[in-house]
Amino acid sequence: MSQPSSHQRPLAGKHALITGSTSGIGLGIAQRLAAAGASITVNGFGEASQIDALCKDLSTTHGVKVVFDGSDMTQVKAIETMISRAETEFGRLDILVNNAGIQHTAPIASFPVERWDAVIALNLSAVFHGTRCALPGMVARNWGRIINIASAHGLVASVEKSAYVAAKHGVVGLTKVTALEHARSGITCNAICPGWVLTPLVQKQIDARSSAQGIDQAAAKAQLLGEKQPSQEFVTPEQIGELALFLCSDAAAQVRGAAWSIDGGWTAQ
Ligand code: NAD
């Protein structure tokens, strides 16, 4: 059997750490980067046997080294340890995808303070901590790709999502600062701003609509898409994986500080 060419495996020799990659968008990105030849650190929560199977599958399907690190990304010390362990294990960290995120919906006046703190800690502060820990190694090698998974909610707002919208707008701002501080180097930082993607995070919102209004899943999905997403179709984790791979490529070397929408037209309105 012929070996895959460097064109097919453009990330061979690189190591990518994707936070929150046991599920949804993060898993889609991990699969695409592994297929492009990158070795992978998987992070996130879940059942140990499922995570083990997922890591084995990634490794055998794509012939790359895969390590799991279950660090809680709301804990500063855990983030610091995870990045330094990943650098030691693989000798380098070339690509950091700050993806782990949670949602909570409630009007501001009754928004639980503890939920505000949790959303900001994971969706915003973890991006800062991961970035600050990964940068020194990238600077030393003069190459790096930091990809922050923001959201359409990093660009526009919706009611009852104060913490999420504030965090994601913050991520878009942090992305620009990171890009500017390294503009004269081989390190780029960009945000991806997805619209609705059918992952467990969104399934919870569909379930909530379905039970609150007594409508079936299909109707709840149609309603969700109908309110925001002109294409009326979900974005897929695979499509986001392809965009992430592009942002890792040489062709994207001058894409710096962008907030790249992949949202079925949501923010074009
Ligand atoms: P998901 O719930 O499927 O996955 C979230 C991942 O984060 C999981 O792997 C989970 O285990 C992990 N995680 C949760 N808390 C963690 C913690 N404290 N430490 C480490 N890992 C943790 O969600 P998703 O939809 O794939 O979301 C991924 C990212 O994409 C999030 O930042 C989300 O805000 C963003 N996003 C999602 C959508 C969408 O429609 N699904 C749209 C725009 C942006």
Side-chain angles (χ1 to χ4, degrees), residues 17-32 40-48 50-51 54-55 58 68-83 86 96-105 114-115 117-127 129-130 147-158 161 163-172 174-175 191-207 221 224-225 227-229 231 233-241 243-244 259-264 266-267:
L17 186 158
I18 302 105
T19 72
S21 46
T22 53
S23 164
I25 293 171
L27 179 56
I29 294 173
Q31 283 166 333
R32 190 62 191 97
I40 303 286
T41 297
V42 170
N43 160 261
F45 297 157
E47 221 231 294
Q50 275 175 14
I51 293 173
L54 178 160
C55 290
L58 257 186
F68 173 66
D69 187 315
S71 294
D72 180 346
M73 298 298 293
T74 64
Q75 304 301 312
V76 179
K77 276 269 164 271
I79 298 172
E80 291 170 347
T81 308
M82 179 181 73
I83 301 275
L96 173 66
V97 183
N98 289 303
N99 165 77
I102 48 170
Q103 174 65 280
H104 187 83
T105 59
E114 152 285 309
R115 287 287 84 203
D117 289 343
V119 172
I120 298 296
L122 184 60
N123 294 17
L124 178 57
S125 299
V127 180
H129 294 300
I147 300 173
N148 296 328
I149 306 306
S151 168
H153 283 120
L155 304 170
V156 295
S158 295
K161 293 189 174 173
Y164 190 86
V165 168
K168 295 299 189 183
H169 275 68
V171 167
V172 169
L174 178 59
T175 300
I192 293 178
C193 297
W196 293 122
V197 188
L198 191 51
T199 66
L201 181 140
V202 165
Q203 186 59 49
K204 280 185 207 142
Q205 296 175 59
I206 292 167
D207 293 344
K221 280 180 194 165
L224 191 91
L225 289 168
E227 281 171 11
K228 302 280 186 188
Q229 202 143 302
S231 68
E233 284 181 41
F234 288 103
V235 182
T236 67
E238 290 75 19
Q239 290 165 339
I240 297 174
L243 178 50
W260 197 309
S261 291
I262 174 163
D263 65 5
W266 181 326
T267 53

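Every heavy atom of this structure was used, including side-chain atoms; hydrogens, water molecules and symmetry mates were not. Order of appearance sets the numbers: ligands from 1, and atoms from 1 within every ligand.
By the criterion of a heavy-atom distance under 4.0 Å, the side chain of Leu122, and not its backbone, is placed next to ligand 1. Looking at Ala150 against ligand 1, only its backbone comes within 4.0 Å, counting heavy atoms. Contacts between Lys168 and ligand 1, counted as non-hydrogen atom pairs separated by less than 4.0 Å, involve the side chain only. Residue-level proximity to ligand 1 for Val202 is carried by the side chain, the only part with a heavy atom below 4.0 angstrom.
Set against the non-hydrogen atoms of Asn43, the atoms of ligand 1 under 4.0 Å away are 20 (C), 21 (N). In the vicinity of Asp72, heavy-atom distances shorter than 4.0 Å reach the ligand 1 atoms 17 (C), 18 (N), 19 (N). Every atom of ligand 1 is numbered from 1 in the order shown, and the set under 4.0 Å from a heavy atom of Gly24 is 3 (O), 26 (O). In summary, the atoms of ligand 1 found under 4.0 Å from a heavy atom of Gly44, numbered by their order in the structure, are 11 (O), 21 (N). Of all the atoms in ligand 1, the ones that sit under 4.0 Å from a non-hydrogen atom of Met73 are 17 (C), 18 (N), 19 (N), 20 (C). Of all atoms in ligand 1, listed by their number and element, those nearer than 4.0 Å to a heavy atom of Trp196 are 40 (O). Set against the non-hydrogen atoms of Ser71, the atoms of ligand 1 under 4.0 Å away are 19 (N), 20 (C). Each of the atoms 6 (C), 7 (O), 8 (C), 9 (O), 12 (C) of ligand 1 lies under 4.0 Å from some heavy atom of Gly20.
When the heavy-atom distances from atom 40 (O) of ligand 1 to Val197, Val235, Val127, Thr19 are ranked, the shortest goes to Val197. For atom 29 (C) of ligand 1, the candidate residues are Thr74, Ile25, Asn99; the nearest heavy-atom contact is made by Asn99.
The environment of CD in Glu233 is sparse: at most 12 heavy-atom neighbours from other residues, nucleotides or ligands sit within 6.0 Å.
Using cut-offs of 30° and 60° for the angle between ring planes, the Trp196 and Trp266 rings count as tilted.
Judged by the shortest distance from any of its heavy atoms, Gly195 lies inside the 4.0 Å radius around the atoms of ligand 1.
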